[in-house]
Amino acid sequence: MNILILVIFFGLSAFTLAAGVMVVTVKNIIHAALWLIASFFSVAALYLLMEAEFIAIVQVLVYVGAISILVLFAIMLTRHVTGEGVRQLYQRWWVALIVAAALFGVLIVPTVFNFQWSVPTAPDQSAGLSSAVQIGTAFMREYLLPFEIASVLLLVALIGAIVIAFEERASRRRVLTLAEEVELRRQRGESLRLAATPTAPEAQNTGSAPSQP
Amino acid sequence: MNMVEAVPLPWVLVVAAGLFCIGLFGSLSRRNTVGILLGVELMLNAVNLNLIAFWRYLEPNLVAGQVFALFIITVAAAEAAVGLAMIIAIYRSRLTVNADEVDTLKG
């Protein structure tokens, strides 16, 4: 039984690390995103192996279901500059490799070789592992303030993402209200009908991309 | 008959540290900003793996480990949304997503 768990652990770990290496080295950025999804799945399987089933479900829902789709949408919106012919790494990528390898050494030597973790040999099974019920209770009791702050953070991120991504379409530094934008479009439509030429800042701004609604 | 008896804790730490360093290498070496974000997501996953491992091996009766992992997942979702919105805004104004071509602040 222990051998089986060991084999599963090694398989999942090897797949996670291999998928991570593919994410950072593969040329096509869409393939990198798909390898990232594979890595998320195997990390979720590792959570299941460690009996953290709620975290595993949340991992699949949030990372695989939401973040990966967001990344794929961003890649598709910026599509034609992400081809295979474009150089994907910096010229001095080996400096980054040295930094990462040195950090790995600095992390691993003190934690693995020079420190004795006091893992309880016979863990107390009477109380049981903390389950989803206890997580929910904890969110409503001792972690109530961080929980509410996290909800505010999500709201701020939602509004911020909309504001940042919406800025260019309004072609203003400031985000307009709906009434101001209707007024602006009405004026622009009239001026377009009169002059039939785009105004100078917009032509300079976007270059070849069509920006007019 | 569970993972605590079968797999020692340092092995899990090695896997998490390896995943973190792979993500660090990706976020430092990629030119594409979407690739940089992919590396950051790998690093956050490694941190979560560490948290869950410490929870399971050292304090399995406390709920704090899983709660921290959930907060990190929340922050990662917010970071991904704002980061990708910024990438799309940069692409709209400069028609590129490569980090070395967005050098307006360079002296």
Side-chain angles (χ1 to χ4, degrees), chain A residues 1-2 5-6 9 13 16-17 20-21 23-24 29 32 36 43 46-47 49-50 52 55 58 62 66-67 70-71 74-75 77-78 81-82 88-90 93 96-97 99-100 103-104 107-108 111-112 117 119 123 127 129-130 134-135 138 143 146 150 153-154 157 160-161 164-165 167-168 207, chain B residues 1-7 9-10 13-15 17-19 21-26 28-32 34-35 37-39 41-42 45 49 52-53 56-58 60-63 66-67 69-71 73-74 76-78 80-82 84-89 91-93 95-97 100:
Chain A
M1 192 65 184
N2 279 356
I5 292 178
L6 210 58
F9 172 76
S13 306
T16 305
L17 293 179
V21 169
V23 168
V24 299
I29 194 72
L36 188 75
V43 169
L46 277 175
Y47 291 160
L49 199 61
M50 285 191 275
I55 303 290
V58 170
V62 174
I67 293 182
L70 210 60
V71 167
I75 291 170
L77 285 176
T78 59
V81 291
T82 59
Q88 287 294 324
L89 299 180
Y90 285 115
W93 57 271
L97 187 62
V99 168
L103 181 67
F104 185 74
L107 283 176
I108 282 309
T111 53
V112 173
W117 294 100
V119 178
L129 296 173
S130 50
Q134 285 169 290
I135 292 173
Y143 297 103
L153 172 74
L154 282 179
I164 291 171
E167 190 181 26
E168 275 303 314
Chain B
M1 288 312 147
N2 53 29
M3 185 164 162
V4 176
E5 298 162 15
V7 182
L9 174 61
L13 298 186
V14 167
V15 172
L19 197 60
C21 292
I22 290 170
L24 180 69
F25 169 72
L28 285 181
S29 65
R30 280 265 186 194
R31 287 175 76 220
N32 195 328
V34 180
L37 266 183
L38 297 188
E41 298 297 334
L42 276 183
N45 254 293
L49 197 59
I52 296 296
R56 183 66 186 85
Y57 280 79
L58 301 181
N61 297 325
L62 288 182
V63 81
Q66 297 199 48
V67 169
L70 281 174
F71 280 130
I73 289 176
T74 309
V82 175
L84 292 170
M86 284 172 63
I87 289 172
I88 290 174
Y91 177 74
R92 279 201 186 133
S93 66
L95 288 179
T96 181
V97 291
D100 52 352

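As a basis for the values below, the full set of heavy atoms in this structure was taken, side chains included, without hydrogen atoms, waters or symmetry mates.
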### Message
Test of understanding: with side chain to side chain contact (heavy atoms under 4.5 Å, CB included), list the residues that count as partners of L154(A), not counting sequence neighbours.
### Response
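Testing L154(A) for side chain to side chain contact (heavy atoms under 4.5 Å, CB included), a comparison that skips the adjacent residues, returns T74(B), A78(B).
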### Task
Dump the intermediate steps for side chain to side chain contact (heavy atoms under 4.5 Å, CB included) on E41(B) and V71(A), then the final yes or no.
CA-CA 11 Å; E41(B) 298 297 334; V71(A) 167; 5.7 Å; no
Choice from [options] maximising heavy atom contacts with chain A below 4.5 Å:
options: L84(B), N45(B), L9(B), I87(B); answer: N45(B)
options: I88(B), V82(B), L42(B); answer: L42(B)
options: V15(B), L62(B), L13(B), L37(B); answer: V15(B)

### Query
Is L19(B) close to V43(A) at the side-chain level, that is, under 4.5 Å between some pair of heavy atoms?
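Yes; the side chains approach each other to less than 4.5 Å.
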Answer with side chain, backbone, both or neither: which region of [X] has an atom nearer than 4.5 Å to a non-hydrogen atom of chain B?
X: A52(A); value: both
X: L36(A); value: side chain
X: I135(A); value: both

How close do [X] and [Y] get, counting heavy atoms only, and between which atoms?
X: R56(B); Y: M50(A); value: CD-O, 3.0 Å
X: F104(A); Y: V14(B); value: CE1-O, 3.9 Å
X: A69(B); Y: I55(A); value: CB-CD1, 4.1 Å
X: A161(A); Y: A85(B); value: O-CB, 3.5 Å
X: A80(B); Y: I67(A); value: CB-CG2, 4.0 Å
X: C21(B); Y: L103(A); value: SG-C, 4.1 Å

### Query
If you count heavy-atom pairs under 4.5 Å with chain B, which of L107(A), L97(A), T16(A), L46(A) comes out on top?
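Of the candidates given, the most pairs with chain B belong to L97(A).
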### Query
Counting heavy-atom pairs under 4.5 Å to chain B, which of P146(A), A150(A), G160(A), A138(A) comes out on top?
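Of P146(A), A150(A), G160(A), A138(A), P146(A) has the most heavy-atom pairs under 4.5 Å with chain B.
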### Query
Who pairs with F71(B) by ring pair (Phe, Tyr, Trp, His ring centres under 6.0 Å), at least two apart in sequence or on another chain?
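Here the qualifying residues are F139(A).
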### Task
Test side chain to side chain contact (heavy atoms under 4.5 Å, CB included) on F25(B) and V99(A) and set out the steps.
CA-CA 8 Å; F25(B) 169 72; V99(A) 168; over 6 Å; no
#### Entry: Main-chain N/O of A165(A) paired to R92(B) side chain as donor or acceptor, under 3.5 Å
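Checking the backbone N and O of A165(A) against the side chain of R92(B), a donor-acceptor pair under 3.5 Å is found.
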### side chain to side chain contact (heavy atoms under 4.5 Å, CB included) between L28(B) and W93(A), intermediate numbers included
CA-CA 8 Å; L28(B) 285 181; W93(A) 57 271; over 6 Å; no
#### Entry: Atom group of L38(B) that falls short of 4.5 Å from chain A, counting heavy atoms
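Contact with chain A involves both backbone and side-chain atoms of L38(B).
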